[in-house]
Amino acid sequence: MFPEYDVIVVGAGHAGCEAANAAAKIGAKVLLCTMNMNNIAQMSCNPAMGGVAKGQIVREIDALGGMSGIISDKSMIQFRMLNRSKGPAMWSPRSQNDRMRFAEEWRLALESNPNVDFWQEMVTGIVVKDQRVTGIKTSIGIEIKAKSVVLTNGTFLNGLIHIGEKQFGGGRTGEAAAKGITEQLQSLGFESGRMKTGTPPRVDGRSLDYTKMEIQHGDENPEKFSFSDETNTLTHQRPCWITYTNKEVHSTLETGFDRSPMFNGRIQGLGPRYCPSIEDKINRFAERERHQIFVEPEGWNTVEIYVNGFSTSLPEDVQYAAMRKIAGFENAKMFRPGYAIEYDFFPPTQLKLTLETQLVENLYFAGQINGTTGYEEAASQGLVAGINAALKVKEEEPFLLKRSDAYIGVLIDDLINKGTEEPYRMFTSRAEFRLLLRQDNADLRLTQLGHKIGLADDRRLEKVLDKKNDTATLINDLKQKRLSPDQINEGLEEFETATIREKITIEKLLKRPQMGLKKVMELDPDTRLYLSKYSKEALEQAEIQIKYESYIIKEQQMVEKLNNMEDYKIPLAFDYLSIPALSAEGKQKLQKIRPETLGQASRISGVSPADLSILTVYLGR
């Protein structure tokens with residue numbers, strides 16, 4: 001009935017879709033298994049992509065040849081570039097999306113890939129022979145052979161939904177939990193744990209009074225995620241709104257605390273630190289009189305509203321009563337209550353940097369099974385796992401991203417070397433080289449890598465090379481072109497920056513904190529006319545590279561030092577326990593994680609500088 005597949009992907013969320021698409025584009029024959037074909041690529045929580053650091057990840061996925069950026073662009077209803085008031089390392093693209101169109105676009109993309117087959121059924125286990133995965137088992141007893149398997153189970157592994165004192169099994173509301181996989185993996189020697197996440201109520205937008213809220217429009221000149229020509233920027237957008245909780249809301253919520261599964265001990269798993277439930281917020285920050293609520297449309301034409309900031313697992317009657325005390329929500333009609341969900345995960349220290357498991361060969365984990373939270377983090381792991389599963393089947397070199405290459409590299413390195421005891425979320429602060437890892441240069445950093453493995457097409461590479469060459473030419477021109485005092489002094493006074501006594505290059509002018517290329521073009525009509533021949537992308541790149549040149553050089557020097565340590569390879573079978581001089585914790589962590597390089601060993605929590613020196617001596621021998 002089934003051929004032997006190169007790659008079987010279990011789960012069709014954000015991680016599963018990217019894994020299946022990437023492996024198939026590289027040339028692998030892929031089977032994507034899901035419990036419900038109608039729920040492929042569901043936005044289980046908020047209808048949005050990107051955000052702080054997450055937007056950088058979406059751009060990186062796109063630069064490599066993945067699909068999340070393109071799908072986001074095609075289903076976008078609003079675009080905002082966050083943190084524009086800060087430096088370019090902090091700029092983060094974010095979109096509001098049409099939930100139904102997002103899922104539809106992903107399904108259409110997968111169905112248009114001839115190397116992707118589908119199977120709708122619960123997967124209950126994997127088939128393992130001699131510590132190597134050879135296929136999967138389904139709930140009706142079918143075994144399907146595969147050379148590799150990628151598990152992207154999301155919140156479905158023994159998922160348990162909580163609403164007040166009620167609890168019932170489920171991976172999402174209205175969908176069954178997945179049984180059997182956790183227990184089998186534990187029998188194979190894997191360590192597992194429990195995590196928790198939550199979602200807010202959904203309400204009828206027709207019942208809200210938007211005049212009592214602050215309107216939040218998208219950017220005046222919206223951008224997009226994808227660097228490709230396949231998508232366009234928005235010509236019109238849907239607004240969002242902001243409102244606030246108040247003391248009365250908080251008091252009403254507190255009446256349900258005795259029935260809260262979070263406070264009475266029924267929820268055992270740790271929830272996301274940076275996206276707490278509303279009851280957690282008013283409990284932890286009792287001094288705060290109000291909390292922000294973002295009112296987000298679920299799509300272009302639907303009346304369904306996502307109440308961002310009001311995640312809760314309190315009883316539904318308490319949720320409803322409290323929500324109707326929020327400004328603008330006095331007459332709100334609820335579509336469904338919020339809930340919390342507990343699920344199994346497997347500490348990611350049990351993985352290699354390729355996301356292949358250490359215990360079972362050719363078995364890969366991606367997404368929430370690794371302890372992460374967020375669509376973007378899941379999608380990036382799915383992309384890397386799918387690529388590596390396909391490359392290993394083809395007997396080619398693995399695909400690895402370093403911390404200095406991408407936020408995706410930071411994410412995976414953190415997970416494998418540090419692990420996580422709570423849902424992991426990416427932030428710009430986690431990246432020590434964030435000035436190099438900007439959202440605007442993801443294509444310059446990664447598209448050549450994506451093209452090399454067959455994921456990014458020739459047109460993508462040509463576009464990147466054109467941008468690179470145009471930027472270099474422009475920077476050279478800006479170093480040569482000079483402006484005189486007569487041309488610009490009057491304008492410099494208006495911009496509240498020092499006037500000049502002799503001619504100055506545009507490059508030196510751009511080093512001033514008050515100046516940017518836009519202002520330089522306002523100073524001098526001839527310069528504006530000259531620079532208008534360059535693309536917006538080249539102008540942006542040139543300005544950033546000139547303005548932050550010294551900082552960029554410092555980060556590049558730090559990267560070179562780090563890369564020297566990455567060149568020290570450690571044999572996989574290296575016996576750390578045989579080195580008596582290593583600290584007890586160092587031995588334990590090194591033996592468990594089995595770093596592939598000295599650089600990776602240096603980033604493991606509990607491995608001291610002394611341990612590193614001793615290890616270097618032994619490797620030298």
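FYI, the numbering just counts along the sequence from 1.
- Taking OH of Tyr407 as the start and CD of Glu377 as the end, the distance is 12.0 Å to the nearest 0.5 Å.
- Using a 4.5 Å cut-off on side-chain heavy atoms (C-beta onward), Trp91 and Ile544 make contact.
- For the side-chain hydrogen bond (donor to acceptor under 3.5 Å, both in side chains) criterion with Asp413, the lone passing option out of Arg403, Lys402, Arg430 is Arg403.
- Across Ser602 and Gly599, no two heavy atoms sit closer than the pair OG-O, 2.5 Å.
- No side-chain heavy atom of Arg238 sits less than 4.5 Å from a side-chain heavy atom of Gln78.
- Proximity of Leu401 to Leu64: side-chain heavy atoms (C-beta onward) are separated by under 4.5 Å at one or more points.
- Classification of the Tyr548-Tyr551 ring pair by plane angle, with boundaries at 30° and 60°, yields tilted.
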For residues 448-455, dump all side-chain donor-acceptor pairs below 3.5 Å to protein atoms at least two apart in sequence or in another chain.
| residue | atom | partner | partner atom | Å |
| --- | --- | --- | --- | --- |
| His451 | NE2 | Asp458 | OD1 | 2.7 |

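- Ring pair His14/Tyr375 is parallel by interplanar angle, where below 30° counts as parallel and above 60° as perpendicular.
- For the pair Ala53 and Ser92, the tightest heavy-atom approach, listed with the atom from each and the gap, is N-OG, 3.4 Å.
- Within a 6.0 Å sphere centred on CD of Glu287, heavy atoms belonging to other residues, nucleotides or ligands number more than 12.
- With a 6.0 Å radius and a threshold of 12 heavy atoms from other residues, nucleotides or ligands, Gln292 has its CD atom above the threshold.
- The one candidate from Thr302, Asn301, Ile77 that meets the side-chain contact (heavy atoms from CB on, under 4.5 Å) condition with Asp98 is Ile77.
- When atom types are taken as modelled, the side chain of Arg202 and the backbone of Pro200 share a donor-acceptor pair closer than 3.5 angstrom.
- Glu223 and Thr233 share no donor-acceptor pair across their side chains, judged by distance under 3.5 Å alone.
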For Arg528 and Glu522, run salt bridge (charged side-chain N to carboxylate O under 4.0 Å, His left out): C-alpha distance rounded to whole Å, both residues' side-chain angles, the deciding distance at 0.1 Å, then the answer. CA-CA 7 Å; Arg528 182 169 63 246; Glu522 289 176 28; over 6 Å; no

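- With a 4.5 Å cut-off on side-chain heavy atoms, Tyr424 and Pro348 do not count as touching.
- Of the N and O atoms on the side chains of Gln541 and Asp440, at least one donor lies less than 3.5 Å from an acceptor on the other residue.
- A donor and an acceptor atom, one from each side chain of Glu60 and Ser380, are nowhere located under 3.5 Å apart.
- Looking at heavy atoms from C-beta onward, Ile61 lies out of side-chain contact with Met67 at the 4.5 angstrom threshold.
- Contacts of Arg80 classified as salt bridge (charged side-chain N to carboxylate O under 4.0 Å, His left out), with partners at least two apart in sequence or in another chain: none.
- Side-chain N or O atoms of Gln600 include none that pairs as donor or acceptor with a backbone N or O of Leu353 at under 3.5 Å.
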Got a list of side-chain donor-acceptor pairs under 3.5 Å for residues 208-217, not counting sequence neighbours?
| residue | atom | partner | partner atom | Å |
| --- | --- | --- | --- | --- |
| Asp209 | OD1 | Thr211 | N | 3.1 |
| Asp209 | OD1 | Thr211 | OG1 | 2.5 |
| Asp209 | OD2 | Thr211 | OG1 | 3.4 |
| Tyr210 | OH | Gly205 | O | 3.1 |
| Lys212 | NZ | Glu330 | OE2 | 3.3 |
| Glu214 | OE2 | Tyr244 | OH | 3.4 |

Under the criterion side-chain hydrogen bond (donor to acceptor under 3.5 Å, both in side chains), I'd like the reasoning laid out for Thr354 against Asn388: C-alpha separation, chi angles, the key distance, then a yes or no. CA-CA 6 Å; Thr354 58; Asn388 279 310; 5.0 Å; no

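- Judged purely by atom type and a 3.5 angstrom limit, Lys511 uses its side chain to pair as donor or acceptor with the backbone of Ile546.
- Between Val520 and Leu483, the closest side-chain pair of non-hydrogen atoms falls below 4.5 Å.
- Proximity of Glu490 to Leu523: side-chain heavy atoms (C-beta onward) are nowhere separated by under 4.5 Å.
- Listed by first and then second residue, the ring-ring contact (aromatic ring centres under 6.0 Å, His included) pairs involving residues 427-449 are Tyr274-Phe427 (not counting sequence neighbours).
- For the pair Thr420 (side chain) and Pro423 (backbone), a donor-acceptor distance under 3.5 Å is absent.
- Residues Tyr534 and Thr473 meet the side-chain proximity criterion, which asks for heavy atoms closer than 4.5 Å.
- Looking at Thr597 and Glu566, their side chains do bring a donor and an acceptor atom within 3.5 Å of each other.
- In this view, Thr243 satisfies the side-chain hydrogen bond (donor to acceptor under 3.5 Å, both in side chains) rule with no residue, not counting sequence neighbours.
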Distance-only check: which donor-acceptor pairs under 3.5 Å involve side-chain atoms of residues 491-498, not counting sequence neighbours?
| residue | atom | partner | partner atom | Å |
| --- | --- | --- | --- | --- |
| Thr497 | OG1 | Arg512 | NH1 | 3.1 |
| Thr497 | OG1 | Gln514 | OE1 | 3.4 |

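- Side-chain contact check for Asn46 and Glu296: no donor-acceptor pair (N or O, by modelled atom type) lies under 3.5 Å.
- None of Lys224, Glu104, Glu230 except one satisfies the side-chain contact (heavy atoms from CB on, under 4.5 Å) rule with Lys74; the exception is Glu230.
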